[in-house]
Protein chains: 2
Amino acid sequence: MKFEKLKKELMNRNINLSYHRMKILEYLDKNRCHPTVDQIFTDIQKTIPTLSKTTVYNTLKKLVEEDLVRVINIEDNETRYDINTEEHGHFKCETCKTIFDFEIKLESIPNDGLDNFKVFDRHVYFKGICPGCLRV
Amino acid sequence: MKFEKLKKELMNRNINLSYHRMKILEYLDKNRCHPTVDQIFTDIQKTIPTLSKTTVYNTLKKLVEEDLVRVINIEDNETRYDINTEEHGHFKCETCKTIFDFEIKLESIPNDGLDNFKVFDRHVYFKGICPGCLRV
DNA sequence: TACAAGTTTGTAATAATTACATTATACTAT
DNA sequence: ATAGTATAATGTAATTATTACAAACTTGTA
């Protein structure tokens, strides 16, 4: 989703677009590398020195509740956030640690065992080595 | 994998099957509910009061390195462990919090975008509501 | 202008995990 | 059997991520 559209989405839902919230949203929009809370906090703090980490947590929590941001849990010790809520999988390179997005048709996954389950949320992540690191 | 086979696997790899390690392995074999470190520790401590949590962490780390146990990261705050290393997906019920296994053919997932990637590890997890909780 | 609701901050508390030094156990060669 | 070595287990302390909460600040509105 584009930044302008995201802003509108928030306004539609009566969510106040305060300065901090906007900067966090803008950051997520520009840095689609699935940043951690710490990365978001550290980077934005450079321009807004009074930003507090709690605000980052609060804002992300809000955005996740509103389905504008997705949580990614690949590694145990780092929760990452993704503003791309469209259907896609994640690939984490174990060498350079980069997380790549890849297209995936989740509804094409056969899941006979889940006939009577109501499924809200589908996550797929792979691990391995990316082409760049393989070449070295 | 059966418990006896797991033991043999460890011995093949020259991994000392100490009493604690064996108890942890046995626990994972009997409790295929994807327990957290804390659950494992708390339960086994009832029979081995001198067990330390560090030992649980150490043992699990070893087992994961040897590919006898898999790490499951669904929620940000709880790392779970699964002795079932055969290909399967996980479904977490958001109501009762139970994690179900389901069959999945991971190689059937189309992933055109990953042509030049080397993939080691494929994880799939869904969230939603299980039949039992839906019925209520 | 003043109130109420919502936002941000800062500090403290909690919880999971890791680091590390020490002790215990088991294995090997003499 | 015994000394020596490597591995395993323990306990404590440190680190890190996250949450709880109270206080201060903003903003919109009556």
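Naming convention: chains lettered A, B, ... in sequence-line order (proteins, then strands); numbering from 1 in each chain. The structure displayed is predicted, hence computed values, not measured ones.
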### Message
Would you say A:Arg21 places a side-chain N or O within less than 4.0 Å of OP1 or OP2 belonging to C:dG6?
### Response
no
### Query
Counting side-chain heavy atoms from C-beta on, which of C:dA26, C:dA16, C:dT9 comes nearest to B:Asn16?
C:dA26
### Task
Figure out the NZ/P separation between A:Lys23 and C:dT8, and round it to whole Å.
14 Å
### Message
What is the separation between atom CD on A:Glu78 and atom P on C:dA16, rounded to the nearest whole Å?
### Response
18 Å
### Message
Check this for me: does any side-chain nitrogen of one of B:Lys53 and B:Asp38 sit under 4.0 Å from a carboxylate oxygen of the other?
### Response
yes
### Task
Heavy atoms of chain B, cut-off under 4.0 Å: which first and last nucleotide of DNA chain D, 5' to 3', fall inside that, if you could look?
D:dA8 to D:dT12
### Task
With heavy atoms under 4.0 Å as the rule, sort B:Thr36 into base, sugar-phosphate or nothing.
nothing
### Task
Round to a whole Å and report the spacing from NZ of B:Lys53 to P of C:dT17.
8 Å
### Nearest listed nucleotide, side chain of B:Thr54, among C:dC20, C:dT7, C:dT9
C:dC20
### Task
Could you say whether B:Val56 or B:Asp76 is positioned toward the 5' end of DNA chain D, judged by the nucleotide with the nearest heavy atom to each?
B:Val56
### Task
Can you tell me the distance, in whole Å, between the OH atom of A:Tyr19 and the P atom of C:dT9?
11 Å
### Query
So, A:Glu9 and A:Lys7, do they make that salt bridge, N to O below 4.0 Å?
no
### Summary
With A:Leu63 as partner, the option from A:Asn58, A:Leu25, A:Ile83, A:Thr85 fulfilling side-chain contact (heavy atoms from CB on, under 4.5 Å) is A:Leu25
### For atom CD of B:Glu75 and atom P of C:dA16, their distance in whole Å
13 Å
### Message
Using the ring centroid of each side chain, check whether A:Tyr57 and A:Phe41 are separated by less than 6.0 Å.
### Response
no
### Message
How many whole angstroms separate atom CD1 of A:Ile48 from atom P of C:dG10?
### Response
13 Å
### Query
How many Å lie between CE on A:Met22 and P on C:dT8, as a whole number?
12 Å
### Message
Output the rounded distance in Å from NE2 (B:His20) to C1' (C:dA26).
### Response
14 Å
### Query
Taking only side-chain nitrogens and oxygens of B:Ser18, does any of them come within less than 4.0 Å of OP1 or OP2 of C:dA26?
no
### Query
Reckon B:Asn77 touches a base, only the sugar-phosphate, or nothing at all at heavy-atom distances under 4.0 Å?
sugar-phosphate
### Query
A:Arg70 pairs by salt bridge (Lys or Arg N to Asp or Glu O under 4.0 Å) with which of A:Asp101, A:Asp121, A:Asp82?
A:Asp121
### Message
Check this for me: does any side-chain nitrogen of one of B:Glu66 and B:Arg21 sit under 4.0 Å from a carboxylate oxygen of the other?
### Response
no
### Task
Answer yes or no: is there a side-chain heavy-atom contact under 4.5 Å between A:His90 and A:His88?
yes
